[in-house]
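Since the structure comes first, as structure tokens, the remarks are kept for the end.
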Amino acid sequence: MARLVPRSGDAVFANVERVNAELFTLTYGAIVRQLITDLEEVEEVNKQLDQMGYNIGIRLIDEFLAKSNVSRCVDFKETADVIAKVGFKMFLGVTASVTNWDADGTSCSLILEENPLVDFVELPDMYQGLHYCNILSGVIRGALEMVSMKTEVTWVRDMLRGDDAYELQVKLLKQVPEEYPYKDDE
Amino acid sequence: MGREVAESCVDGVIMEMVSAYCSRFYANKPELAARRIDAIGFQVGQQLCERYAMERPRFNDHLEAIKFICKDFWSELFKKQIDNLKTNHRGTFVLQDNCFRWLTRFSNDAASANNDPSESDPASPTAENKAAQATSMYLYFPCGIIRGALTNLGIPCAVSADISNLPACSFVVRIKP
């Protein structure tokens, strides 16, 4: 079987069905607003956004693998690069940079300069505890879990809270060995 | 063309929003879940309409505004226009999209179960029943969008959806007198 050549983020993005980003941004914004009204507690909103992201991530990984032709990454460093350069590009049309690696290569930061989730958004003072983009961290966690990586994804910097960039820390907790449900002779 | 994102991002957040409201927050109160989903759509419709209608002159009558929704507004959202517009000239408009983008991923069972309740036992919700319920919950979102957009144009109305003909979807707009 011919080996499929991994495609660049730009090439994949050019080939997926795309929609006007305003629809996405405003829909997400309306959801967050409604969640704040209904759930009242900012912490609970953070939790629900993360959960929604996780549920999206476990489905999105299939589309990602099918369309990007990315094959198994040799290590977590490659995984992080693929998320930053292909994953973000393919879905959100932007790329992230990867920095702040720890010594054993299990934790790094993804930095987003552009973030389509936050156009038109300002965070009122009373909601400073809100992780507005928490759906993103959930997506990454969910998607990685489907390819056997347990991770912890946390926001380190958030421009809505006055920082100079969006920074997500992705920490690999453990790599779950794949278990095949079938035997060789079946 | 402005900035774009993958269609699956929009699909993903809408699906998850509907499922969060229907199965987590208001699992036993579908009418409350429906109202919230509609409210989210309403806000999106209002804001989008505000942006898309910004540079236009005022509409002279309801039909002009509805035509704007069918053509310009729908094209911004779905890259196609509404396929068929009917009206009784007494404040009711039917906007039909022959292949509504957001329904193309739903199964046909949803519609048939919707139309023919006699075939299934109402006491035990079947998979089709559930699918039909999920689809109708999901439709509160685009209905809310249309209602929000028209309200923004100064036309208060009620909007419902009819999907007896999947993947076609008809939105029925009743303008409030």
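Naming convention: chains lettered A, B, ... in sequence-line order (proteins, then strands); numbering from 1 in each chain. Nothing here was measured: the structure is a model prediction, and the numbers come from that model.
- Looking at A:Glu167 and A:Ser109, their side chains do bring a donor and an acceptor atom within 3.5 Å of each other.
- Each of A:Leu39, A:Thr25, A:Ile56, A:Asp38 has some count of heavy-atom pairs under 4.5 Å with chain B, and the biggest count is that of A:Asp38.
- Ranked by heavy-atom pairs under 4.5 Å with chain A, the first of B:Ala39, B:Gly12, B:Cys9 is B:Cys9.
- For the pair A:Arg157 and A:Tyr166, the cation-pi test (distance below 6.0 Å, angle within 45°) is failed.
- Checked by atom type, the side-chain pair B:Arg24/A:Gln51 shows no donor-acceptor distance below 3.5 Å.
- Heavy-atom pairs under 4.5 Å with chain B were tallied for A:Leu60, A:Val16, A:Val94, A:Leu92; the largest tally goes to A:Leu92.
- B:Phe141 touches chain A through its side chain: at least one heavy atom from C-beta onward sits under 4.5 Å away, while N, CA, C and O do not.
- The choice from B:Val13, B:Val5, B:Ile40, B:Asp11 that makes the most heavy-atom pairs within less than 4.5 Å of chain A is B:Val5.
- For a residue to count as touching a neighbouring chain, one of its non-hydrogen atoms must lie under 4.5 Å from one of that chain's; by this rule A:Leu35 touches chain B with backbone and side chain alike.
- A side-chain donor from one of B:Tyr52 and A:Glu22 sits under 3.5 Å from a side-chain acceptor of the other.
- Interface remark: A:Glu63 contributes side-chain atoms only to the contact with chain B (heavy atom separation under 4.5 Å).
- Using a 4.0 Å cut-off between a side-chain N of Lys or Arg and a carboxylate O of Asp or Glu, B:Asp72 and B:Arg56 qualify as a salt bridge.
- Neither the backbone nor the side chain of B:Phe78 comes within contact range of chain A; no heavy atom of the residue lies under 4.5 Å from a heavy atom of that chain.
- In this structure, chain B has no heavy atom under 4.5 Å from any part of A:Val139.
- A donor-acceptor contact shorter than 3.5 Å links the side chain of A:Asn115 to the backbone of A:Leu117.
- In this structure, B:Glu31 places its CD atom where more than 12 heavy-atom neighbours from other residues, nucleotides or ligands lie under 6.0 Å away.
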